[in-house]
**Q** 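The structure's right below; bear with me while I get my questions together.
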Amino acid sequence: MQMDTPRLRLRRFTPGDAKDFVAYRSDPEVARFQDWEFPLSLESAQRLLRSYSRSDPGAPGWFPYAIEVKADGRVAGDVAVHRQRSVQEAELGFSLARDRQGQGYATEAVEAVLRALFAGGLHTATAECDVRNERSARLLERLGFARTGQRGVFARARRERVDMLMFSLPAERWNALDGQRESGA
Ligand SMILES: CC(C)(COP(=O)(O)OP(=O)(O)OC[C@H]1O[C@@H](n2cnc3c(N)ncnc32)[C@H](O)[C@@H]1OP(=O)(O)O)[C@@H](O)C(=O)NCCC(=O)NCCS
């Protein structure tokens, strides 16, 4: 399940990643549009990472890939994949530590995960982000996702109603864009 890109290694989390994980998960800027509780204690992070280290990337449910930066061996963030039980559809989420943003790491990581998912027969990748989360929307559109709508949801951790943009990337579009990428168009 490990994937290498020029600058990154996408791999399973281990409890040893807890310090890096806590650093970005507890940053209010990174958590701003996420529905998770923070700050996260080191103990809770280790518990969470122990459960992630045992989860199956091919099984229904969420599987988070750690984004390791090869240059320093540290975890900069994650790409999480939510597989559905019966349909060939998966939802993606992603987060990057603040000091790792603006260097193309998230795009490189999400692209690698998408490539593996589509090579494995996925029909459609989907994603959602808060309407105010411009960086996230930019990343998705850069990779070929198109907006399919908007919906209001209740963010439990933040106890507020938020409007979410919905995105979709069907395999046909991914393959067409991939062909263009390969031919350098
Ligand atoms: C969403 C998130 C991962 C996007 O991070 P990001 O740094 O904008 O994305 P990337 O790492 O792909 O970097 C792309 C940016 O780096 C720039 N860049 C610099 N060097 C680059 C390089 N070598 N290659 C590619 N892009 C590069 C790009 O131009 C782009 O900037 P722009 O959007 O201003 O044009 C980040 O904002 C985040 O973690 N937010 C908090 C968590 C969150 O909200 N997640 C989404 C929930 S749906």
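We count ligands from 1, going down the list as the structure has it; atoms in each ligand are counted the same way. In what follows, every heavy atom counts, from backbone to side chain, and hydrogens, waters and symmetry copies are set aside.
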**Q** So which heavy atom in the protein is nearest atom 43 (C) of ligand 1, and how far is it from that ligand atom?
**A**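 Of every protein heavy atom, Gln34 NE2, 3.4 Å lies nearest to atom 43 (C) of ligand 1.
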**Q** Between the side chain of Arg83 and the main-chain N/O of Trp62, is any donor-acceptor distance below 3.5 Å?
**A**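 Checked: no pair found.
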**Q** Any Lys/Arg nitrogen of Arg159 or Asp35 sitting under 4.0 Å from an Asp/Glu carboxylate oxygen of the other?
**A**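 Between Asp35 and Arg159 there is no salt bridge, as every charged N stays at least 4.0 Å from the carboxylate O atoms.
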**Q** Going by atom types only, do Thr5 and Glu108 share a side-chain donor-acceptor pair under 3.5 Å?
**A**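 A pair is found: one side chain offers a donor N or O, the other an acceptor, under 3.5 Å apart.
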**Q** How about atom 9 (O) of ligand 1: does it have a protein heavy atom within less than 4.0 Å?
**A**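 Looking at atom 9 (O) of ligand 1, one finds that a protein heavy atom does lie closer than 4.0 Å.
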**Q** Students should be able to answer this: which protein heavy-atom is nearest to atom 23 (N) of ligand 1, and at what distance?
**A**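 For this ligand atom, the closest protein heavy atom is Gln103 O, 3.6 Å.
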**Q** Identify the closest protein heavy atom to atom 34 (O) of ligand 1: which residue and atom is it, and at what distance?
**A**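 Nearest neighbour among protein heavy atoms for atom 34 (O) of ligand 1, to 0.1 Å: Arg138 NH2, 3.3 Å.
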**Q** Is there a heavy atom in Gly93 that sits closer than 4.0 Å to ligand 1?
**A**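 Per 4.0 Å heavy-atom rule, Gly93 does not contact ligand 1.
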**Q** Under 4.0 Å between a side-chain nitrogen and a carboxylate oxygen: does that hold for Asp178 and Arg115?
**A**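 Yes, this pair counts.
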**Q** Is it true that Asp72 and Arg100 have a side-chain N and a carboxylate O under 4.0 angstrom from each other?
**A**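 Yes, charged N to carboxylate O under 4.0 Å.
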**Q** Just let me know how Arg100 lines up against ligand 1, side chain, backbone, both or neither, with a heavy-atom cut-off below 4.0 Å.
**A**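 Arg100 to ligand 1: no contact under 4.0 Å from either part.
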**Q** Looking only at protein heavy atoms, which one is nearest to atom 39 (O) of ligand 1, and how far off is it?
**A**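 Looking only at protein heavy atoms, the one closest to atom 39 (O) of ligand 1 is Leu96 N, 2.8 Å.
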**Q** For atom 1 (C) of ligand 1, tell me which residue out of Phe94, Phe167, Tyr105 has the closest non-hydrogen atom.
**A**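 When every heavy atom of Phe94, Phe167, Tyr105 is considered, Phe94 comes closest to atom 1 (C) of ligand 1.
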**Q** Ignoring hydrogens, just give me the one of Gln101, Arg135, Glu134 whose non-hydrogen atom is nearest atom 38 (C) of ligand 1.
**A**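 It is Gln101 whose heavy atom sits nearest to atom 38 (C) of ligand 1.
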**Q** Under 4.0 Å, counting heavy atoms only: does Arg98 come that close to any atom of ligand 1?
**A**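 Heavy atoms of Arg98 never come under 4.0 Å of ligand 1.
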**Q** Report yes or no: does Ser183 contribute a side-chain atom to a donor-acceptor pair with the main-chain N or O of Gln180 at less than 3.5 Å?
**A**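 Confirmed, Ser183 side chain pairs with Gln180 backbone.
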**Q** Counting heavy atoms only, which of Ala80, Gly102, Ala109 comes nearest to atom 15 (C) of ligand 1?
**A**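 Nearest option to atom 15 (C) of ligand 1, by heavy atoms: Gly102.
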**Q** Please determine whether a side-chain nitrogen of the Lys or Arg among Asp99 and Arg74 lies less than 4.0 Å from a carboxylate oxygen of the Asp or Glu.
**A**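 Salt bridge absent between Asp99 and Arg74.
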**Q** If you draw a 6.0 Å radius around CD in Glu43, do more than 12 non-hydrogen atoms from other residues or ligands fall strictly inside?
**A**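 For Glu43, atom CD is not crowded (no more than 12 foreign heavy atoms under 6.0 Å).
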**Q** Given Asp130, Val30, Ile67, which has its nearest heavy atom closest to atom 42 (C) of ligand 1?
**A**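 It is Val30 whose heavy atom sits nearest to atom 42 (C) of ligand 1.
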**Q** Side chain, backbone, both or neither: which part of Asn133 has a heavy atom under 4.0 Å from ligand 1?
**A**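 It is the side chain that gets close, since no backbone atom is under 4.0 Å.
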**Q** Which ligand 1 atoms, with their elements, are less than 4.0 angstrom from a heavy-atom of Ala106?
**A**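 Listed by number with element: 3 (C), 9 (O), 10 (P), 11 (O), 12 (O).
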**Q** Distance alone, cut at 3.5 Å: any donor-acceptor contact between the side chains of Thr124 and Gln88?
**A**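 The criterion, which ignores hydrogens and geometry beyond distance, is not satisfied for Gln88 and Thr124.
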**Q** Can you find a non-hydrogen atom of Arg32 under 4.0 Å from ligand 1?
**A**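 No, that is not the case, since the closest heavy atom of the residue is not under 4.0 Å from the ligand.
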**Q** Protein heavy-atom contact under 4.0 Å for atom 28 (C) of ligand 1?
**A**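 False for atom 28 (C) of ligand 1.
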**Q** Just to confirm my output: which protein heavy-atom neighbour is closest to atom 12 (O) of ligand 1, and how far is it?
**A**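 Its nearest protein heavy-atom neighbour is Thr107 OG1, 2.4 Å.
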**Q** Taking 4.0 angstrom as the limit and counting only heavy atoms of Glu128, give me the atoms of ligand 1 inside it, by number and element.
**A**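 Once the distances to Glu128 are compared, the set is 48 (S).
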**Q** Side chains of Tyr52 and Thr14: closer than 4.5 Å at any heavy-atom pair?
**A**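 They are not in side-chain contact.
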**Q** Indicate whether any N or O donor in one side chain lies under 3.5 Å from an N or O acceptor in the other, for Ser53 and Arg12.
**A**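 Result is no, nothing qualifies.
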**Q** Under a 4.0 Å threshold between the charged nitrogen and the carboxylate oxygen, would Asp4 count as salt-bridged to Lys70?
**A**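 Looking at Lys70 and Asp4, the cut-off is met.
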**Q** What is the nearest protein non-hydrogen atom to atom 13 (O) of ligand 1, stated with its residue, atom name and distance?
**A**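 Looking at atom 13 (O) of ligand 1, the protein heavy atom closest to it is Gly104 N, 3.0 Å.
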**Q** For atom 30 (C) of ligand 1, what's the nearest protein heavy-atom neighbour? Residue, atom name and distance, please.
**A**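 The protein heavy atom lying closest is Arg142 NH2, 3.6 Å.
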